[in-house]
Protein chains: 2
Amino acid sequence: MLSNSSKYAIKGVIYLALNSNEDHKVMVREIYEVIHVPEAYLAKLLQELSRHHVISSVRGPKGGFYLSQEDQKRTLMDIVKVIDGEKKVNSCVMGVNTCDRSNPCVLHKLVGSNKARFISVLEHTTILDLIESKQEFEAFFPF
Amino acid sequence: MLSNSSKYAIKGVIYLALNSNEDHKVMVREIYEVIHVPEAYLAKLLQELSRHHVISSVRGPKGGFYLSQEDQKRTLMDIVKVIDGEKKVNSCVMGVNTCDRSNPCVLHKLVGSNKARFISVLEHTTILDLIESKQEFEAFFPF
DNA sequence: CATAAAAAGGATAAAAATATCTTTTAATCT
DNA sequence: AGATTAAAAGATATTTTTATCCTTTTTATG
């Protein structure tokens with residue numbers, strides 16, 4: 001459902017949400033040490049998100065990645081779309097080509113309603129939503 | 001969430017449920033033509049299921065794969081466990097190692113409740129359950 | 001302006017998932 | 001028994017995903 005890459009990306013963005021802003025940018029090196037995602041790979045993922053304006057970045061000394069106010073309004077789905085691509089996320093649970101949300105197959109009914117809910121969560125949860133329950137997060141942060 | 005392999009396997013088993021029994025075994029060749037899964041690959045998956053006694057098979061002429069009465073009582077999860085392995089299905093949506101159903105991480109709360117439901121469906125839906133709504137199925141069969 | 005810091009980009013490598021091919025084994029039917 | 005059929009098993013190939021490495025570009029600062 002979610003690729004590892006997407007999970008990594010989400011972890012990274014959460015880290016940024018909790019630890020960065022326009023005036024305090026963060027290097028990949030700092031992030032990967034905390035969230036345990038391979039440095040170079042995380043860099044690639046964050047670059048990709050930055051290219052698609054899901055997060056922000058600045059090169060050079062004192063540069064790094066960060067979330068702008070606007071970035072915080074992005075949803076989890078925005079991240080997943082960039083990393084996994086839209087098709088993959090929305091495709092039928094059973095890989096039935098002729099089957100989609102409007103014309104669901106039988107397993108869709110069984111299993112797909114959960115997927116629909118899952119997707120709905122991704123679409124409606126913003127980064128801001130996530131960090132609002134920051135306290136709870138801390139307990140869990142050693143990802 | 002579900003690998004392609006698991007999906008293929010489920011499709012195959014559903015085909016068997018609808019078209020086979022102890023006295024009428026079915027060859028891979030017949031199945032793959034209907035459900036559009038690569039023949040040799042489907043064979044591998046069915047062999048694996050057979051080895052784990054999720055489905056039944058007999059070699060030689062008049063042989064093939066089929067579901068016994070007992071086999072029909074298997075759940076979707078039985079299939080998925082054989083093909084994907086248990087760990088993979090039950091692991092945290094976010095790949096958080098220290099996180100499981102009893103000690104959920106924050107994203108677990110958001111996203112994982114759906115996953116829990118999804119798993120519950122897999123665990124509680126038997127092949128028999130599926131084919132009881134056979135009529136609906138037929139509309140959808142060109143997988 | 002030189003230098004160093006940091007992301008961006010390109011190319012490559014490793015691992016996992018998916019798929020195919022070949023050989024072996026077992027059952028059935030002359 | 002021998003021939004044939006079909007699955008089981010094993011070996012190999014391809015593709016996709018994940019991961020690393022190395023070079024280039026950008027930018028802040030001394």
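Chain letters run A, B, ... following the sequence lines, proteins first and then strands; every chain starts at 1.
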Chemist: Decide yes or no, distance alone: a donor-acceptor N/O pair under 3.5 angstrom between the base of D:dA7 and the side-chain of B:Gln47.
Modeler: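 There is none.
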Chemist: Decide whether A:Ser3 and A:Tyr8 meet the rule of one side-chain donor and one side-chain acceptor closer than 3.5 Å.
Modeler: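 Judged by distance alone, the side chains do not pair up.
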Chemist: Pick out which of B:Thr75, B:Ile10, B:Ile119 makes a side chain to side chain contact (heavy atoms under 4.5 Å, CB included) with B:Val80.
Modeler: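 Testing each of B:Thr75, B:Ile10, B:Ile119 against B:Val80, the sole residue satisfying side chain to side chain contact (heavy atoms under 4.5 Å, CB included) is B:Ile10.
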Chemist: If every non-hydrogen atom of B:Ala9 is compared with every non-hydrogen atom of B:Ile79, which pair is closest and at what distance?
Modeler: CB-CG2, 3.7 Å
Chemist: Whole-Å distance between C:dA15 C1' and A:Asn4 CG?
Modeler: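 Those two atoms, CG and C1', are 12 Å apart.
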Chemist: I need the CD1-C1' distance between A:Ile83 and D:dT18, as an integer number of Å.
Modeler: 12 Å
Chemist: Across the strands shown, which category fits B:Val37 at heavy-atom distances under 4.0 angstrom: base, sugar-phosphate, nothing?
Modeler: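 B:Val37: no heavy atom of the nucleic acid under 4.0 Å.
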Chemist: Checking all strands, does A:Lys25 fall into the base, sugar-phosphate, or nothing category for heavy-atom contacts under 4.0 angstrom?
Modeler: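 Touches nothing.
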Chemist: So if you build clusters from Ile, Leu, Val, Met, Phe, Trp, Tyr with side-chain heavy-atom gaps below 4.5 Å, do A:Met27 and A:Leu46 land together?
Modeler: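 Different clusters: A:Met27 never reaches A:Leu46 through Ile, Leu, Val, Met, Phe, Trp or Tyr contacts under 4.5 Å.
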Chemist: Between B:Val28 and A:Tyr41, who's closer to the 5' end of DNA chain D by nearest nucleotide?
Modeler: B:Val28
Chemist: Between A:Ile31 and A:Gly12, what is the shortest heavy-atom contact and its length?
Modeler: CG2-CA, 4.3 Å
Chemist: Whole Å only: how far is the CG atom of B:Leu45 from the P atom of D:dA9?
Modeler: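 Answer to the nearest Å: 14 Å.
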Chemist: Return the value, rounded to whole Å, for the distance between atom NZ of B:Lys7 and atom P of C:dA17.
Modeler: 14 Å
Chemist: Any protein N or O atoms within reach of nucleotides 23-25 of chain D? Criterion: under 3.5 Å, listing atom names and distances.
Modeler:
from: D:dT25; atom 1: O2; to: A:Arg59; atom 2: NH1; distance (Å): 3.2

Chemist: What's the NE2-P distance between A:His36 and D:dA19, to the nearest Å?
Modeler: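 It is 14 Å, rounded to the nearest whole Å.
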Chemist: Which nucleotide, C:dA19, D:dC21, C:dG10, lies nearest any side-chain atom of A:Ala40?
Modeler: D:dC21
Chemist: Under 4.5 Å between side-chain heavy atoms, chaining through other members, with only Ile, Leu, Val, Met, Phe, Trp and Tyr counted: pull out the rest of the cluster around B:Tyr66, sorted by chain and number.
Modeler: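 When side chains under 4.5 Å apart are linked, the cluster holding B:Tyr66 also contains B:Val58.
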Chemist: Kindly say if A:Ser50 contacts the phosphate of C:dA7, meaning a side-chain N or O under 4.0 Å from OP1 or OP2.
Modeler: no
Chemist: Write down the distance between CE (B:Met27) and C1' (D:dA8), rounded to a whole number of angstrom.
Modeler: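 The answer, rounded to whole Å, is 16 Å.
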Chemist: Side-chain N or O of B:Tyr8 versus OP1/OP2 of C:dA19: is the shortest distance under 4.0 Å?
Modeler: yes
Chemist: Take B:Glu39 and B:Leu42, measure what side chain to side chain contact (heavy atoms under 4.5 Å, CB included) needs, and give me the verdict at the end.
Modeler: CA-CA 5 Å; B:Glu39 184 176 7; B:Leu42 179 60; 5.9 Å; no
Chemist: Check the distance between C:dA17's C1' and B:Asp84's CG and give it to me in whole angstrom.
Modeler: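 Taking CG of B:Asp84 and C1' of C:dA17, I get 10 Å after rounding.
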Chemist: By a strict heavy-atom criterion of less than 4.0 Å, which residues belonging to residues 61-71 of chain A are in contact with DNA chain D?
Modeler: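 Residues of residues 61-71 of chain A under 4.0 Å from DNA chain D: A:Pro61, A:Lys62.
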Chemist: May I have the distance from B:Glu48 (atom CD) to D:dA8 (atom C1'), rounded to whole angstrom?
Modeler: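 Those two atoms, CD and C1', are 11 Å apart.
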Chemist: Among B:Gln72, B:Lys73, B:Arg74, find the one that has a side-chain hydrogen bond (donor to acceptor under 3.5 Å, both in side chains) with B:Glu70.
Modeler: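 Considering B:Gln72, B:Lys73, B:Arg74, a side-chain hydrogen bond (donor to acceptor under 3.5 Å, both in side chains) with B:Glu70 is found only for B:Lys73.
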Chemist: Does B:Ser57 or A:Val58 map to a spot on DNA chain D nearer the 5' end, using the closest nucleotide for each?
Modeler: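 Taking each residue's closest nucleotide, the earlier one in sequence belongs to B:Ser57.
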Chemist: Contact between B:Leu49 and B:Phe65 at the side-chain level, heavy atoms closer than 4.5 Å - yes or no?
Modeler: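 No, side chains not in contact.
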Chemist: Can you measure from NZ (B:Lys62) to NE2 (B:His24) and round to the nearest 0.5 angstrom?
Modeler: 10.0 Å
Chemist: Respond yes when some side-chain nitrogen or oxygen of A:Ser5 is under 4.0 Å from OP1 or OP2 of D:dT18, and no when none is.
Modeler: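 A:Ser5 to D:dT18 OP1/OP2: side-chain N or O found under 4.0 Å.
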Chemist: Using a 4.0 Å heavy-atom cut-off, does A:Arg29 contact any base of the nucleic acid, only the sugar-phosphate backbone, or nothing at all?
Modeler: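 A:Arg29: no heavy atom of the nucleic acid under 4.0 Å.
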